[in-house]
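Structure in structure tokens, see below.
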Amino acid sequence: VPSGQEVVVPSRIVTRGSTRIHPAEEHDRVSAAVGFAQAAQQQLATRDALWGLSFDLSHCTSVPEVASTLADSHLVRLGVSRCFLAIYVDPPAGEDGRSESGMWARLILDYREERAYPVLAEVYPLGQLLPSELRSELRAGGLVFQALRGSDRELGYFLLEQAQESGLIIDGLRMDLSRTLEALFGTQALVDHAENLERTVEMRTAELAARSRQLELEVETRRQAECRLQEAVADLRRLAMSDALTGLGNRTALQEYFD
């Protein structure tokens with residue numbers, strides 16, 4: 001072939017069966033892509049709801065406020081159908097006056113049917129999971145138990161039922177509730193300690209004030225006794241220096257006068 005001339009060579013493209021895109025496979029890929037996009041969108045919505053919950057919980061200043069914050073709208077956004085939140089409390093005293101053994105809990109949130117019901121004041125053993133009037137809820141569906149732990153102690157637990165099970169939601173609730181309750185309990189412990197110190201200071205101040213008043217009374221009593229003693233000494237001296245019949249100075253007074 002002379003230099004500079006083009007040569008056209010007939011050719012044919014052969015497509016292998018393993019790489020060819022069949023119509024059915026293309027449909028499956030589109031469906032998979034749509035599924036991935038929907039899952040990603042759902043995960044973003046879940047994370048957004050968890051972020052909003054975490055922000056609102058960070059502003060709670062009491063345990064009842066934590067329960068109301070959860071029930072207001074966050075549980076609906078997270079797709080939670082039922083949620084029972086409980087905290088651990090000191091065991092009650094038995095008939096003999098001694099504290100009962102084991103761990104005891106008190107319910108602070110009863111969330112069902114997209115609303116919060118009034119909570120019962122009952123304190124119950126941990127093995128019971130729910131107050132007596134709500135035991136039937138344990139048989140009504142799949143409730144997930146999740147413990148709430150702080151840095152150095154157990155705080156409580158929650159029972160959760162979701163429309164679609166999601167570990168992201170359970171982990172997010174566990175971390176946010178544990179952090180919030182630990183902060184509240186720590187703050188309450190500091191407040192209680194400060195109140196105890198204040199009461200102790202008031203008691204000590206009252207004791208010192210009472211002791212001070214007592215010392216003042218003792219000083220006044222001694223001063224009055226000393227005055228009476230001085231008056232008695234003066235009376236004795238006057239009697240010793242005068243005649244009992246005439247009241248005139250006697251020989252002792254005359255001798256003292258010349259001395």
ask   = Quick one: do Val80 and Ile170 end up in the same hydrophobic cluster if we chain Ile, Leu, Val, Met, Phe, Trp and Tyr together by side-chain heavy atoms under 4.5 Å apart?
value =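 Yes; Ile170 is reachable from Val80 via cluster members.
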
task = Go through the steps to decide whether Arg222 and Val219 satisfy the test side chain to side chain contact (heavy atoms under 4.5 Å, CB included), and finish with yes or no.
result = CA-CA 5 Å; Arg222 292 182 179 182; Val219 170; 5.8 Å; no

message = Within the supplied structure, the quantity of interest is the number of heavy atoms (other residues, nucleotides, ligands) at a distance under 6.0 Å from Glu133 CD; does it exceed 12?
response =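 For Glu133, atom CD is not crowded (no more than 12 foreign heavy atoms under 6.0 Å).
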
inquiry  = Please check this pair: side chain of Asp48 against backbone of Leu44, looking for a donor-acceptor N/O pair closer than 3.5 Å.
reply    =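 No; judged by distance alone, with no hydrogens or angles, the pair does not exist.
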
request  = Search all heavy atoms of Leu138 against all heavy atoms of Gln128 and return the closest pair with its distance.
outcome  =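 So the two residues come closest at CD1-O, 3.9 Å.
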
query = So, does Glu113 use its side chain to make a donor-acceptor pair with the main chain of Arg115 at under 3.5 Å?
reply =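 No; zero donor-acceptor contacts below 3.5 Å.
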
key: Within residues 102-111 or reaching into it, pairs that qualify as side-chain hydrogen bond (donor to acceptor under 3.5 Å, both in side chains) - sequence neighbours excluded   = Asp110-Arg112

ask   = Between Phe145 and Tyr157, does the ring centroid distance fall short of 6.0 Å?
value =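 Yes - the distance between ring centres of Phe145 and Tyr157 falls below the 6.0 Å cut-off.
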
task = Using the ring of Phe84 (Phe, Tyr or Trp, six-membered ring only), decide whether Arg82 places NZ or CZ under 6.0 Å from its centre and within 45 degrees of its axis.
result = no

His74 and Thr69: CA distance, side-chain angles, deciding distance, side chain to side chain contact (heavy atoms under 4.5 Å, CB included) verdict = CA-CA 7 Å; His74 293 289; Thr69 298; 4.0 Å; yes

Backbone N/O of Leu177 and side chain of Thr180: donor-acceptor pair under 3.5 Å = no

Single-linkage hydrophobic cluster Ile87~Val144, side-chain heavy atoms < 4.5 angstrom = yes

inquiry  = Apply side chain to side chain contact (heavy atoms under 4.5 Å, CB included) to residues Leu143 and Leu160 and explain how you reach the verdict.
reply    = CA-CA 5 Å; Leu143 287 171; Leu160 189 72; 5.9 Å; no

key: Value rounded to 0.5 Å, distance of CH2 in Trp51 from CG in Asp56   = 15.0 Å

ask   = In the single-linkage hydrophobic clustering (I, L, V, M, F, W, Y; side-chain heavy atoms under 4.5 Å), do Val63 and Tyr117 co-cluster?
value = no

Which residues share a salt bridge (Lys or Arg N to Asp or Glu O under 4.0 Å) with Arg223, sequence neighbours left out =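 Here the qualifying residues are Glu220.
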
ask   = For the atom pair CG (Leu197) and CD (Glu202), what is the distance rounded to the nearest 0.5 Å?
value =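 One gets 11.5 Å once the value is rounded to the nearest 0.5 Å.
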
task = Answer with yes or no whether the hydrophobic clustering places Leu53 together with Ile108; edges join I, L, V, M, F, W, Y residues whose side-chain heavy atoms lie under 4.5 Å apart.
result =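 The answer is yes; both residues are in one hydrophobic cluster.
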
Distance (rounded to the nearest 0.5 Å) between Ile169 CD1 and Arg77 CZ =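 Ile169 atom CD1 to Arg77 atom CZ measures 11.0 Å (nearest 0.5 Å).
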
task = To the nearest 0.5 Å, tell me how far Glu207 CD sits from Arg204 CZ.
result = 5.0 Å

note = Scanning both residues in full, the closest heavy-atom pair of Pro91 with Gly102 reads CG-O, 3.8 Å

task = Show your reasoning for whether side-chain hydrogen bond (donor to acceptor under 3.5 Å, both in side chains) applies to Ser178 and Glu182.
result = CA-CA 6 Å; Ser178 295; Glu182 183 177 27; over 6 Å; no

ask   = CG of Asp235: more than 12 outside heavy atoms within 6.0 angstrom?
value =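 Counting neighbours around CG of Asp235, more than 12 heavy atoms of other residues, nucleotides or ligands fall under 6.0 Å, so yes.
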
task = For Ser212 and Leu208, indicate whether the former's side chain and the latter's backbone hold a donor-acceptor pair under 3.5 Å.
result =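 Absent.
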
Full working for side chain to side chain contact (heavy atoms under 4.5 Å, CB included) between Leu50 and Leu168 = CA-CA 9 Å; Leu50 288 173; Leu168 178 62; 4.0 Å; yes

request  = State, to 0.1 Å, how close Leu109 and Val119 come at their nearest heavy-atom pair, and which atoms those are.
outcome  = N-CG1, 3.6 Å

ask   = Is Leu78 linked to Val76 within one hydrophobic cluster, defined over Ile, Leu, Val, Met, Phe, Trp and Tyr using a side-chain heavy-atom separation of less than 4.5 Å?
value = yes

message = Is any side-chain heavy atom of Ser81 closer than 4.5 Å to one of Gln162?
response =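 When only atoms from C-beta onward are counted, Ser81 and Gln162 do not touch, as no gap falls below 4.5 Å.
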
request  = Determine whether more than 12 heavy atoms belonging to other residues, nucleotides or ligands lie under 6.0 Å from atom CD of Glu154.
outcome  =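 Yes, enclosed.
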
ask   = Do Leu155 and Arg149 touch side chain to side chain, with heavy atoms closer than 4.5 Å?
value =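 Leu155 vs Arg149: side chains apart.
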
ask   = Can any side-chain N or O of Gln214 pair as donor or acceptor with the backbone N or O of Ala210 at less than 3.5 Å?
value = no

message = Please identify which of these residues, Leu148, Leu159, Leu107, meets the side chain to side chain contact (heavy atoms under 4.5 Å, CB included) condition with Leu85.
response =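 Single pass found, and it is Leu148.
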
message = If you define the side chain from C-beta out and look only at heavy atoms, does anything of Phe185 sit under 4.5 Å from Arg153?
response =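 The answer is yes; the side chains approach within 4.5 Å.
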
key: Atom pair CG/OG of Leu173 and Ser54 - distance to nearest 0.5 Å   = 10.5 Å

request  = Would you indicate whether Arg199, at its atom CZ, is surrounded by more than 12 heavy atoms from other residues, nucleotides or ligands within a distance under 6.0 Å?
outcome  = yes

Separation between CD of Gln41 and OG1 of Thr46, rounded to the nearest 0.5 Å = 10.5 Å

query = Do the side chains of Ser62 and Gln188 get nearer than 4.5 Å, heavy atoms only?
reply = no

inquiry  = For the CD atom on Gln224, are there more than 12 heavy atoms of other groups (residues, nucleotides or ligands in this structure) within a distance under 6.0 Å?
reply    = yes

